[in-house]
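Below is one structure, written out as structure tokens; the observations come after it.
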Amino acid sequence: MADPFTLGVASGEPLPDGVMLWTRLAVDPLSADPARPGGMAARAVEVSWQLAEDEHFTRGLRQGVTEAQPAWAHSVHVRVAGLKPGTDYYYRFRASGAQSPVGRTRTADDPASTRPVRFAVANCQRYEHGFYTAYRHLAAERPDVVFHVGDYIYESRQAANVVRPLGTLPGETDTLAEYRLRYARYKSDPDLRAAHAAAPWVPTWDDHEVANNYRGTGDGTAAFLRRRAAAYQAYFENQPIRVRPRGGGLQMYRRRTYGAVADFLVLDVRQHRDAGTMLGAAQEEWLISRLVTGRVRWRVLVQPLFFARRFVPGPAPNLRTDSWDGHQEQRARILAAGAPGLVVLSGDVHNAWAGELKADFLDPGSATVGVEFVASAISSRPPATDGPAVLAANPHLKFFDGHRGYLSGTAGSNELRVAFRAIDHVDRPGAPVTTVAEFRTGGDGLTSENAPSK
Ligand code: FE
Ligand code: CA
């Protein structure tokens, strides 16, 4: 029988005592038959899993059997509990006589732990725009956890600047079958599969997992709600997440805590958007209560969109309304919460940035209340951006870089450091990685290390 593990393996949602394991069976991942996603017949398939403390599956072996259901595109989401905190584990699956690749995962630290947390941040991986070489380098770092901050797929199809074509896939995704196919195409990149197999992921979505710049329930039509529900289901089927979609929605905002070091507050900037706010009232209330409680050193917002004010000189509009500059009142309430050790990790703009968060962005002399690190794209093409002009117009922004890449960070009990990893081409595989800048913060401002800043 053909290999059913063509989409790879993944793990995610690390807790001190558990983790999710994921795979999705697909013997023919790009099969165009909507009745047989991944080329799989419409019946359940038995899948067994193993997890152990070593790659030879001898120490602390745990195993179980589950079923991959056709209603969920033969995806498998296994919740493993009862594990040791801050520990590496290895896992694999078996189905239809075939063995999956081995993945490495890691539980979150014990609540009392002060051990530094090594994290990576990735986002924006339009398939047509280039190879996922950045993921190869990210995988080699084997971080404790990988945060993906959106645009895992793009719903549209590019005609220009195509490095590798999508092939026979539809122009714009609308149905469940079409979204499933998009994920299958994206996961055909071996470096993406390697990054999933190297570390547990905690993903959140931005707009392109559904539709460009959508907010909330879109235009409110049944057609949009059906499309969004299909997109959310396909997202669940293709990510190692804990929660299933229900009633057309999917609970995405959540907290992942690493010891006494960091509370990673993962936000959903799309599903609950309404006329006035980015997050909706319930998510804002949850976020602000988490920002002011808890005894961790760092409160880290993990979310897609540029958080600091970013005034782009030149013709209007100078502020991007789809981003936090379009939701200034809610942003001000978050910044005014007085969260100690506030850090924002973001993406979306396809360039790398670092900056300070100000009590009043229009007053450079006002208090610095946090820092922001913006991850560049894995592959998506950057827009034309005059970095120096934007830096000059926004004194709180300290760094710009136009390469594609990802963030590699360490949150410790004294300081938090972030390195900007960059690659100089995505039009062919094999680009080496360089560190274009490194910053640290002790909870006040931003300090640049071994790299020029403004
Ligand atoms: Fe993007
Ligand atoms: Ca986006």
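Numbering of ligands and ligand atoms starts at 1, following listing order.
Here Glu141 does not pair with Arg136 in a salt bridge; the nearest charged N to carboxylate O distance is not below 4.0 Å. A salt bridge links Asp322 with Arg270; the closest basic N to acidic carboxylate O contact falls under 4.0 Å. Using a 4.0 Å cut-off between charged nitrogen and carboxylate oxygen, Arg182 and Glu155 do not count as a salt-bridge pair. Note on Arg331 versus Asp325: salt bridge recorded, some NZ/NE/NH1/NH2 to OD/OE distance being below 4.0 Å. A salt bridge links Arg256 with Glu13: the closest approach of a Lys/Arg side-chain nitrogen to an acidic carboxylate oxygen falls below 4.0 angstrom.
Checked against the 6.0 Å centroid threshold, Phe131 and His425 do not count as a close aromatic pair.
Under the rule for a salt bridge (charged side-chain N to carboxylate O under 4.0 Å, His left out), Arg299 has no partner lying at least two apart in sequence or in another chain. Residues satisfying the side chain to side chain donor-acceptor pair (under 3.5 Å) criterion with Tyr89, sequence neighbours excluded, are absent altogether.
When side chains are defined from C-beta on, Leu7 counts as touching Trp22, because their heavy atoms get closer than 4.5 Å.
Of all protein N/O/S atoms, those lying under 2.8 Å from the Fe ion (ligand 1) come to 4.
Protein atoms that are N, O or S and lie under 3.0 Å from the Ca ion (ligand 2) are these: Asp151 OD2, Asp206 OD2, Asp207 OD1, Asp348 OD1.
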